[in-house]
Amino acid sequence: MPAVSVFGAQWGDEGKGKIIDRMAGEADVVVRYQGGANAGHTVVVAGQKYVLHLIPSGILHPGKLNVIGNGVAVDPLKFLEEVDGLRQRGVRVDGTNLRLSAGAHVIFEHHKRIDQAAERWRGDGRIGTTGRGIGPCYADKAARIGLRVSDLLEREHARSRLRAALAEKNALLRQVHGEPELDLEQQLECYTTLAHKLEPFVGDTGAQVREAYQAGRRVLFEGAQGAMLDIDHGTYPFVTSSNTGVDGIPAGAGFPARWIERAIGIAKAYCTRVGEGPFPSEQHGELGARIRTAGNEFGATTGRPRRCGWLDALQMRYTLGWNGADSWIMTNLDVLTGFESIPVGIGYRAGAQSYAGYPGARVGIEDLEVVYEEFPGWSEDISAVRSYEELPRRCREYVESVERLVGVPIEMLSVGPERDQVIPRRPSPARARAGAR
Ligand code: IMP
């Protein structure tokens, strides 16, 4: 796998952490290229649970190079907390196995405050952000008043950049949000001290990843959040502020698009979403609660209960399509054990209008009603199954029906949180043809 992209194909929380951790065994370099500590990638190794927010999930494998690219919004406090937490648990983390781009934008205290305050102003239009300062940090990047990691490493330069940024942010905090202002010298002291601690990790990560690739190293790109939260192709404005799919890699990692050989989507056997925004196949009431309990669907970053619903084949075709996915991995299949009947979304309706594909050109998808096809469930525990043939017949029928409806081959199933709880699938000519499209 010379250069492979692994991305979330739904609204995030698809189980990417576990899959990346597993695939990292065969990679040399694992790269995060977008998002920030809004992500929560859970990895379970030998019964031990690790939740990673910023550091690539490859860190749990000795000897791998882990990279935080320039497209990531970095909260230095969170970065150092995560490094310390891993070290305390005996994981080796230093400037040789973890690199941080000098060009990554820094999340400051004012970004977090503005993120939370802005949500209060949005009223019914609130996004339900993680409150980690992601949106305001990317907004400053685009407005060219942000500070990158490298800007913090030279104190006088940092003072002048931060002075300019804080002049505007303090006016906003005080006059619009009614919050206390932040003191320039105090913030400068705090963030330059933190930056000093970051220094051993900092470098030109784009050059390092390109060199590694050209020397024959295998590079794995770890997407955070999900394709439906992509700022360009997701359910705008209820999205995060970065390009969460394959589209984020060239800009966010400094890696040429044409070097990416494979793209693999990750999606649950059902679907979840945290925060606000449209989710056509959401199940309210008892069914949603049942999925939530079965899947322990609570946010890894904020602890919020996740909204739960059924897999939506149109939504999946849409995200796998615009990312050019060669295949996908279905996670949390074990969670569906015990459901008598499992619906899958196969179409949308709005009044007299019906849709057989994701209506990307529509203003919104809030009012869509989903048309479902129902598949019979299975009752056997599948968490210890390791070969596809050993799965209950109805479970295999579910997987194959979903694959047919989505039109992209499923290359692996995940049936539990542990590294080895996976079921690889053998490629069949028909599935390979579907993947080739
Ligand atoms: P932000 O990324 O904190 O600005 O939040 C924007 C939207 O993306 C909100 O609906 C969040 O709940 C959602 N979001 C951000 N990160 C994640 C994630 O890692 N998993 C799932 N949803 C996320």
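Order of appearance sets the numbers: ligands from 1, and atoms from 1 within every ligand.
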Any side-chain heavy-atom pair from [X] and [Y] closer than 4.5 angstrom?
X	Y	value
Q34	I231	no
L311	Y398	yes
R273	L229	yes
E411	P424	no

For R126, all residues meeting salt bridge (Lys or Arg N to Asp or Glu O under 4.0 Å), sequence neighbours excluded
E276
As a test of reading the model: which N/O atoms of the protein lie under 3.5 Å from N/O atoms of ligand 1, and at what distance?
from	atom 1	to	atom 2	distance (Å)
ligand 1	2 (O)	N38	ND2	2.8
ligand 1	2 (O)	T240	OG1	2.6
ligand 1	3 (O)	T130	N	2.8
ligand 1	3 (O)	T130	OG1	2.6
ligand 1	10 (O)	I127	O	3.4
ligand 1	10 (O)	V274	O	3.2
ligand 1	12 (O)	G128	O	3.3
ligand 1	12 (O)	V274	O	3.2
ligand 1	12 (O)	R304	NH2	2.9
ligand 1	16 (N)	N38	O	3.4
ligand 1	16 (N)	Q225	NE2	3.3
ligand 1	19 (O)	N38	O	3.4
ligand 1	20 (N)	D13	OD1	3.1
ligand 1	20 (N)	D13	OD2	3.4

Taking only Lys NZ, Arg NE, NH1 and NH2, and the carboxylate oxygens of Asp or Glu, determine whether E222 and R32 approach each other closer than 4.0 Å.
no
